[in-house]
Amino acid sequence: MKFLNKIFGKKSKLDPADDPNMIKVFDEYGREMFVAKEDWKNDVLFDSLEKNRNNPDELYNLLVCALEDGFANDIIPFAEHFYKSEPNSSRSTIILGIVYMQNNRLDDAECILTEFLNNHGEDGCVLTNLAKVYSCRGDNSRAEDTLWHALEIDPNQDNALGWYIAIHHEREGEESVIAAYRRVADLPESWRAQLWLAQEELQNKNLSAAKVLYEQAQARVERPVPTDFLMQISGDLGNNGFVTEILSLVGPLFDAAFHGLLVGNNLIKANLELGYLDAAQAIIDLLYAQKRHDWQQALNGWDVELAKARVAQKTVTSSEQASISMMSILGPLWSRDESPFAKLLPNKRDDAKHITVFGSMVLFAKDIEKPTAQFSDGPGRLSRAIPLYFAEKIHLSTDATGIALIPWAQNQGFALLGRTYSDQDI
């Protein structure tokens, strides 16, 4: 059976997207590629870190990515250099503290974190990472007290809030989760906990209560609104069937340059579901204008979905019974009268038999009773390509004239039958 595997391209290796030893990158044209982690570290990461030693913002981004990719033990010198170059910065303190923690240098991590707090006052993110140091040592009581104080300083830290909820869930079960969110929501500047409480209300189909929580959160959140704020609202509304509310609650806050594809995807989908095709197109155009190569594949996909929706909308708004005619295509497509190849084919005899191949039929799981205009997707293309191929082979390989009959819905496009032809049809 090996020859079948070769023919059909059976995969014998792990999909690179699922391989923990591979890293996803994008080339200059936005095409997705995968590179071995070791090759990336040796050929790209170290060189980039070295080149950006004196570019704090870029160095910070590289260090964050390196931590996410599991290179904590390889970037200690660069994290220490970053810390020395920004001695009064919370971000340089946190990055080095995390690098030390992941290398089990807990005393060093505690030292720089507490030094920052002593010199610059309380900071929610620094306190959260100090709580992690205590947790790594097994001092859970001190860790929890420090974590709660971190939330009092900044209740909207995603990691801190998630950790706090996980502690209560593990200790007291599902019933304690809502109470824990409410405790955080009562803090003066909280907005993230309100989003989770709103999700619970949406799951209970209590839209009015969810809206109250969203209004409270929007009144407290900084501007521009964080991307994950809009992501969670739009995702929760969509998952619970409140698509119209996505446009009213999220649409006015959307900034393509700031929120990008993550929020844009949900808004495009909502507009498509509601039939607002021009609004969906406007968002797609705004995202294209950002010239992000890594968005190209997704935006191209939305272009196709929008084109399908326009065809479907045109079909619905046309008369109930579309005018369907049969397009007769004689012989090879490339031998049309205007083609220079037409004269190369021998003429058929006047009494030559005509063999007609009917196409544009696809059997779906759910039958389609009437011919319908169909955008040129995979099944539609194949339903036309197969009869064209057979008609060409008949025309070139026999004395008969090969003809393909392809149904055409007037002013709409190619028609696609969801059932077999009856004798009466033929």
Partners passing ring-ring contact (aromatic ring centres under 6.0 Å, His included) against [X] (at least two apart in sequence or in another chain):
X	answer
W191	F229
H120	F116
Y164	W148, H168

Does atom [atom1] of [X] have more than 12 heavy-atom neighbours from other groups under 6.0 Å away?
X	atom1	answer
F242	CZ	yes
K37	NZ	yes
F46	CZ	yes
E222	CD	yes

If every non-hydrogen atom of N271 is compared with every non-hydrogen atom of A279, which pair is closest and at what distance?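 Shortest heavy-atom contact: OD1-CB, 3.4 Å.
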Work out which heavy atom in A198 is nearest to a heavy atom in L213; give both atom names and the distance.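 So the minimum-distance heavy-atom pair works out to N-CD1, 3.5 Å.
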Under 3.5 Å, side chain of [X] to main-chain N/O of [Y], donor-acceptor pair present?
X	Y	answer
Y288	W295	no
H81	P77	no
Q216	Q194	no
Q290	L286	yes
S135	A131	no
N129	C125	yes

Is the closest side-chain donor-acceptor distance between [X] and [Y] under 3.5 Å?
X	Y	answer
S141	D139	no
H149	E152	yes
Q281	D285	yes

Pick one: which of L202, V212, N240 meets side-chain contact (heavy atoms from CB on, under 4.5 Å) with L207?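 Considering L202, V212, N240, a side-chain contact (heavy atoms from CB on, under 4.5 Å) with L207 is found only for L202.
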Which residues pass the salt bridge (Lys or Arg N to Asp or Glu O under 4.0 Å) test with [X], not counting sequence neighbours?
X	result
D74	K41
D228	R192
E50	R53

Does this structure show an ion pair linking D107 with R137, if we count only N-O contacts that are shorter than 4.0 Å?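 Yes, this pair counts.
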Below 4.0 angstrom, N of the basic side chain to O of the carboxylate: do D186 and R182 qualify?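 Salt bridge between D186 and R182, a charged N being under 4.0 Å from a carboxylate O: no.
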Would you sort out whether Q232 and W196 count as a side-chain contact (heavy atoms from CB on, under 4.5 Å), showing the intermediate values? CA-CA 9 Å; Q232 183 160 349; W196 289 103; 3.4 Å; yes
